[in-house]
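Note sheet for the following structure.
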Protein chains: 2
Amino acid sequence: MASKPPQPAGPGPHQPPKSDSPPRRRDASIQDVAAAAGVSTATVSRVLNSPGLVSETTAEKVRKAIEQLGYKPNLFAQGLMTRKSHVLGFALPDIFGEFYSELLRGADAEARRQGYHLLVGAESRKDDNPANGNLAFRLVDGLAMMITEPNDRLLKQAKDLQLPIVVMDLEVDDPSIDCVLVDNSTGAREATEHLLSSQPPEKLYFVGGPKENFDTQERAATFSATLKAAGRAPGADQVVYGRYAVEWGYLWAAQQLGKGGLRGCGVLAGNDEIALGILQAAHDHKVKVPEQLRIVGFDDTRIASLVRPSLSTVRVPLAEVGATAIATLVARLKEPGRPAERIHLPTKLVVRESSDKNAASGGF
Amino acid sequence: MASKPPQPAGPGPHQPPKSDSPPRRRDASIQDVAAAAGVSTATVSRVLNSPGLVSETTAEKVRKAIEQLGYKPNLFAQGLMTRKSHVLGFALPDIFGEFYSELLRGADAEARRQGYHLLVGAESRKDDNPANGNLAFRLVDGLAMMITEPNDRLLKQAKDLQLPIVVMDLEVDDPSIDCVLVDNSTGAREATEHLLSSQPPEKLYFVGGPKENFDTQERAATFSATLKAAGRAPGADQVVYGRYAVEWGYLWAAQQLGKGGLRGCGVLAGNDEIALGILQAAHDHKVKVPEQLRIVGFDDTRIASLVRPSLSTVRVPLAEVGATAIATLVARLKEPGRPAERIHLPTKLVVRESSDKNAASGGF
DNA sequence: TCCTGTCATGAAATCGCTTTCAGTCACCCA
DNA sequence: TGGGTGACTGAAAGCGATTTCATGACAGGA
């Protein structure tokens with residue numbers, strides 16, 4: 001019906017509708033609707049945006065015209081006036097693997113629920129042209145960004161945009177910015193205590209991601225604190241940093257195993273990928289997990305339950321982080337004055353085979 | 001000039017500029033730049049959009065003014081005139097797991113490279129309010145959509161939008177729509193032949209995703225054809241359909257194993273998830289892979305190389321699919337008249353432990 | 001009867017940009 | 001010297017919505 005160009009009724013009596021619409025069919029505008037309904041554009045606009053200001057009889061006429069012409073307001077024009085696009089930016093440091101896709105999934109679902117759309121951007125560190133980033137983000141109503149390292153350049157840029165911002169994963173000091181955080185310490189403590197329990201291991205390690213990474217820092221700190229509380233303050237070699245990657249975990253473990261260490265030890269990894277690398281190395285070196293080496297990961301991405309032995313890990317509600325970020329952002333959009341929040345989402349140890357030989361394997 | 005508040009020259013001689021800027025700092029507009037540079041808005045616009053039409057001296061003045069005022073064109077106003085937003089829609093049936101995140105990663109990188117941004121939407125089948133989908137997608141310049149089942153409602157909606165469209169994963173008959181496809185048959189044939197080779201198995205199975213799914217159909221067809229070519233035309237029970245999920249793979253395999261079957265057989269799964277489920281079931285039933293059961297997956301998501309035994313699978317260049325889709329879309333945007341393409345991306349068998357006990361384990 | 005207050009509506013200004021159209025100016029050639 | 005040419009530039013007309021302000025009709029109160 002959108003495509004119904006019923007004789008413009010104006011010019012000639014009966015110009016044959018053949019070859020009528022040279023492909024350039026312009027969408028119906030508010031003007032067309034107004035004309036068709038015999039009212040002014042103001043009235044049409046009111047019917048759409050403030051019904052109740054217009055009498056039921058006219059409203060009905062207008063609605064009919066809208067229906068008939070398949071009218072949809074032009075979002076650019078609308079945005080020009082209202083300064084709203086109903087699009088939210090969702091900026092990630094990268095898009096890779098389960099971790100980010102979960103985050104995005106939660107965010108997208110929530111955005112949709114609230115009538116918004118998501119403009120995603122993986123702000124790859126490589127691309128140093130700030131113009132790129134700014135360019136299209138300038139039409140979003142707000143910005144949810146995941147920032148993993150303090151002093152991120154991206155955050156500064158974002159502030160300059162003067163947009164409502166919510167940051168995931170990093171607690172920024174700016175009191176005007178909402179933050180959605182993960183309660184790393186509970187999970188890390190649970191995991192560490194779990195590793196300490198039952199057969200107390202020779203030695204416990206924390207194998208983290210990048211040293212600058214906020215999550216890694218928190219997890220490492222809690223690890224150390226928990227050990228200290230148990231009277232086993234860790235040495236410098238027991239807390240190490242690297243990258244959030246399978247390769248790094250493998251590398252580290254292979255080295256340790258080469259040195260003959262690690263048997264009878266326990267490892268808390270900075271995330272599941274690292275844990276998987278360690279698992280792999282153990283396998284290659286014929287070290288039995290969990291009998292000779294107990295491993296706990298972090299994040300509980302899907303893969304954790306699919307590897308053999310299945311990976312104990314700390315569950316982080318990633319989808320919920322994304323969803324909460326969007327919800328908070330929308331709340332702020334609706335009520336700009338509200339005080340910024342610091343929302344902490346819980347984490348929880350999930351024990352599987354890699355740290356407990358009695359654990360059920362299952363439950364994908 | 002509408003907004004030029006420097007002494008209207010009319011009323012009072014010298015109203016004091018104190019209390020001048022209450023926090024509402026409006027972004028500089030093209031008018032402000034024009035005024036600051038002492039030129040017309042037309043000239044400013046030209047400096048930005050068609051340099052070469054303006055003399056170097058004026059251009060310099062204008063650039064200085066832009067710099068000084070931190071001027072950024074208003075995207076709504078710009079869009080209103082040009083009908084371009086430099087935003088592309090990227091519609092997925094869902095956002096879940098490695099599969100879609102890879103797709104998205106490739107797409108995002110390419111979009112960025114080309115100066116576009118991505119508006120993502122997981123068109124969850126639940127949400128049946130078409131208005132939702134249409135709403136913000138109406139400001140995109142083009143739409144890349146993954147469609148896995150013929151006759152998708154979403155595709156029709158998209159066509160109504162009259163936007164340039166590129167479809168991933170499904171070959172649509174509409175000759176005006178570009179398609180980015182995966183060469184399922186090569187991969188499926190390689191995989192099937194691989195399973196037939198060396199110790200010829202008792203029986204070969206194809207355990208697919210949804211029967212309506214286009215990829216599954218192609219893969220199943222090739223599987224059957226290859227078997228037939230080898231003189232071993234498959235029975236009805238050898239090609240089965242279910243869902244793209246670990247659970248389905250597990251369920252199917254567990255049933256077969258219960259019946260005592262499957263030992264000495266080979267399975268080609270519709271995707272890696274299904275294969276993983278089968279692997280899991282085999283493990284639970286103490287069936288040795290690959291000695292007693294050989295398994296090949298499809299897609300080569302990251303997890304395939306991380307499970308034990310590592311999973312043989314057909315590599316599908318997911319990121320490349322996404323990137324190609326975007327590239328094609330942009331190409332069409334730049335040259336609307338170009339004939340629609342059918343781009344086939346290659347697939348390739350990757351042999352790992354789950355189908356070949358001599359395979360190297362490694363290479364994550 | 002006249003004045004005032006509501007309600008429904010339309011005319012027109014505005015948002016910030018692009019683009020057409022029409023100069024202006026300097027210069028060159030016949 | 002007159003007219004033609006080309007290079008720059010500015011005025012102004014949109015693009016399609018929202019919103020202010022004015023208006024007309026009508027009802028109620030003095």
Side-chain angles (χ1 to χ4, degrees), chain A residues 2 24-63 65-66 69-87 135-136 138-139 141 162, chain B residues 1-5 8 24-63 65-66 69-86 135-136 138-139 141 162:
Chain A
R24 57 175 312 282
R25 194 203 67 192
R26 213 204 25 174
D27 292 327
S29 81
I30 198 174
Q31 319 264 6
D32 304 329
V33 174
V39 300
S40 75
T41 64
T43 300
V44 177
S45 175
R46 282 192 278 253
V47 168
L48 260 26
N49 305 312
S50 358
L53 278 192
V54 32
S55 78
E56 184 47 38
T57 30
T58 17
E60 190 47 37
K61 274 190 304 186
V62 171
R63 276 188 236 107
I66 288 180
L69 274 61
Y71 166 73
K72 298 275 161 46
N74 177 307
L75 297 181
F76 292 114
Q78 212 160 31
L80 186 53
M81 283 303 294
T82 63
R83 265 117 223 296
K84 301 249 160 303
S85 62
H86 278 221
V87 171
L135 204 66
R138 291 191 31 259
L139 62 64
D141 293 345
Q162 300 251 338
Chain B
M1 47 184 51
S3 50
K4 198 174 100 198
R24 57 175 313 281
R25 196 201 67 191
R26 214 204 23 174
D27 290 328
S29 81
I30 200 175
Q31 318 264 6
D32 303 329
V33 175
V39 301
S40 75
T41 64
T43 300
V44 176
S45 175
R46 283 192 276 253
V47 169
L48 260 25
N49 304 312
S50 359
L53 279 193
V54 32
S55 77
E56 184 48 38
T57 31
T58 16
E60 190 48 37
K61 274 191 303 187
V62 171
R63 276 188 236 107
I66 288 180
L69 274 60
Y71 166 72
K72 298 276 163 43
N74 177 309
L75 297 181
F76 292 114
Q78 212 160 27
L80 186 53
M81 284 302 295
T82 62
R83 274 127 216 287
K84 300 252 159 304
S85 63
H86 278 222
L135 205 65
R138 293 197 24 262
L139 61 64
D141 293 345
Q162 300 253 332

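A, B, ... follow the sequence lines: proteins, then strands. Residue 1 opens every chain.
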Hey, is the side chain of [X] poking within less than 4.0 Å of OP1 or OP2 on [N], counting only N and O atoms?
X        : N       : result
Ser55(B) : dT9(D)  : yes
Ser45(B) : dT18(C) : yes
Thr41(A) : dA17(D) : no
Arg83(A) : dG16(C) : yes
Gln78(B) : dT18(C) : yes
Ser29(B) : dG16(C) : no
Asn74(B) : dC15(C) : no
Thr82(B) : dC17(C) : no
Tyr71(A) : dA17(D) : yes

Side chain of Ala42(A) only, please: which of dT9(C), dA17(D), dA11(C) is the nearest? dA11(C)
Closest approach to the side chain of Ala77(A), judged atom by atom: which nucleotide of dG10(C), dA17(D), dT9(C) is it? dA17(D)
Could you walk me through whether Asp27(A) and Asn74(A) pass the side chain to side chain contact (heavy atoms under 4.5 Å, CB included) test, one step at a time? CA-CA 9 Å; Asp27(A) 292 327; Asn74(A) 177 307; over 6 Å; no
Measure from NZ on Lys61(B) to P on dC8(D) and round the result to the nearest Å. 14 Å
